[in-house]
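The shown structure was predicted, so the numbers you read here are calculated from the model rather than taken from an experiment.
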Amino acid sequence: MTIQEKLTLAFKDLRKLGYFARQNFFCCQTCAWDAVPEGKDKVVFYHAQDKANLDKRGNCYLAWEGNGEEIVTTLQNRGLVVEWNGDENTRIKVT
């Protein structure tokens with residue numbers, strides 16, 4: 001299974017947990033955050049620039065808001081390698 005397929009499954013799992021979870025969401029982080037519906041406090045996404053990194057380098061960073069540990073665990077449960085320092089202001093790296 002590819003990283004993209006694993007991410008798709010993980011994002012479905014995150015939506016079941018109440019996250020607004022989107023892949024390849026808008027062009028950049030600024031535009032993507034602006035497009036998140038008002039009132040959403042559980043959010044995870046990567047944007048087109050991150051998707052380009054995923055395609056080229058095999059990794060991407062996720063922007064998020066909510067419970068970082070819950071997001072990391074969900075990604076790991078789908079077999080993804082995750083790097084995160086536990087800081088709520090740091091994006092989560094997936095490889």
Side-chain angles (χ1 to χ4, degrees):
M1 187 175 294
T2 68
I3 187 172
Q4 185 65 64
E5 291 167 332
K6 291 176 185 179
L7 273 169
T8 296
L9 293 173
F11 272 59
K12 286 181 183 180
D13 295 340
L14 288 162
R15 282 191 289 278
K16 290 177 186 174
L17 293 171
Y19 283 85
F20 177 82
R22 299 293 184 269
Q23 297 181 81
N24 203 16
F25 186 59
F26 282 82
C27 57
C28 65
Q29 191 164 282
T30 300
C31 291
W33 277 118
D34 285 346
V36 172
E38 193 170 318
K40 297 290 183 183
D41 59 353
K42 292 173 76 174
V43 177
V44 63
F45 66 83
Y46 63 89
H47 50 70
Q49 293 171 7
D50 296 319
K51 174 70 165 98
N53 275 339
L54 180 62
D55 293 342
K56 185 176 181 179
R57 298 187 182 124
N59 66 61
C60 73
Y61 288 87
L62 307 179
W64 65 278
E65 184 174 293
N67 182 328
E69 293 293 336
E70 182 176 52
I71 295 168
V72 167
T73 299
T74 302
L75 295 165
Q76 289 172 332
N77 286 344
R78 287 298 183 172
L80 293 159
V81 177
V82 181
E83 293 177 33
W84 181 56
N85 66 4
D87 183 342
E88 67 183 34
N89 297 310
T90 303
R91 293 174 66 190
I92 297 168
K93 183 179 181 182
V94 178
T95 57

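Remark: Thr8 engages Gln23 in a side-chain hydrogen bond (donor to acceptor under 3.5 Å, both in side chains) (not counting sequence neighbours). Applying the ring-ring contact (aromatic ring centres under 6.0 Å, His included) rule to Phe26 yields no partners; only residues at least two apart in sequence or on another chain are considered. With sequence neighbours excluded, the residues that form a side-chain hydrogen bond (donor to acceptor under 3.5 Å, both in side chains) with Thr90 are Asn85.
Under a hydrophobic clustering in which Ile, Leu, Val, Met, Phe, Trp and Tyr are joined whenever their side-chain heavy atoms come within less than 4.5 Å, directly or via other members, Leu17 and Leu7 fall into the same cluster.
Using a 4.5 Å heavy-atom cutoff, the side chains of Val44 and Thr74 are not in contact.
Each salt bridge (charged side-chain N to carboxylate O under 4.0 Å, His left out) pair with one or both residues in residues 80-90, not counting sequence neighbours, would appear here, but there are none. Applying the salt bridge (charged side-chain N to carboxylate O under 4.0 Å, His left out) definition to pairs two or more places apart or across chains, those involving residues 5-29 are Asp13-Arg78. Applying the salt bridge (charged side-chain N to carboxylate O under 4.0 Å, His left out) test to residues at least two apart or on different chains, the pairs with a partner in residues 49-73 are Lys42-Glu70, Asp50-Arg91, Lys51-Asp55.
Here the straight-line distance linking atom CH2 of Trp33 with atom CZ of Phe25 works out to 9.5 Å at 0.5 Å rounding. Between Phe20 atom CZ and Phe11 atom CZ the span is 11.0 Å, to the nearest 0.5 Å. With values rounded to the nearest 0.5 angstrom, Thr95 atom OG1 is found 10.5 Å from Leu75 atom CG. Here the straight-line distance linking atom CG of Leu62 with atom CD1 of Ile71 works out to 8.0 Å at 0.5 Å rounding.
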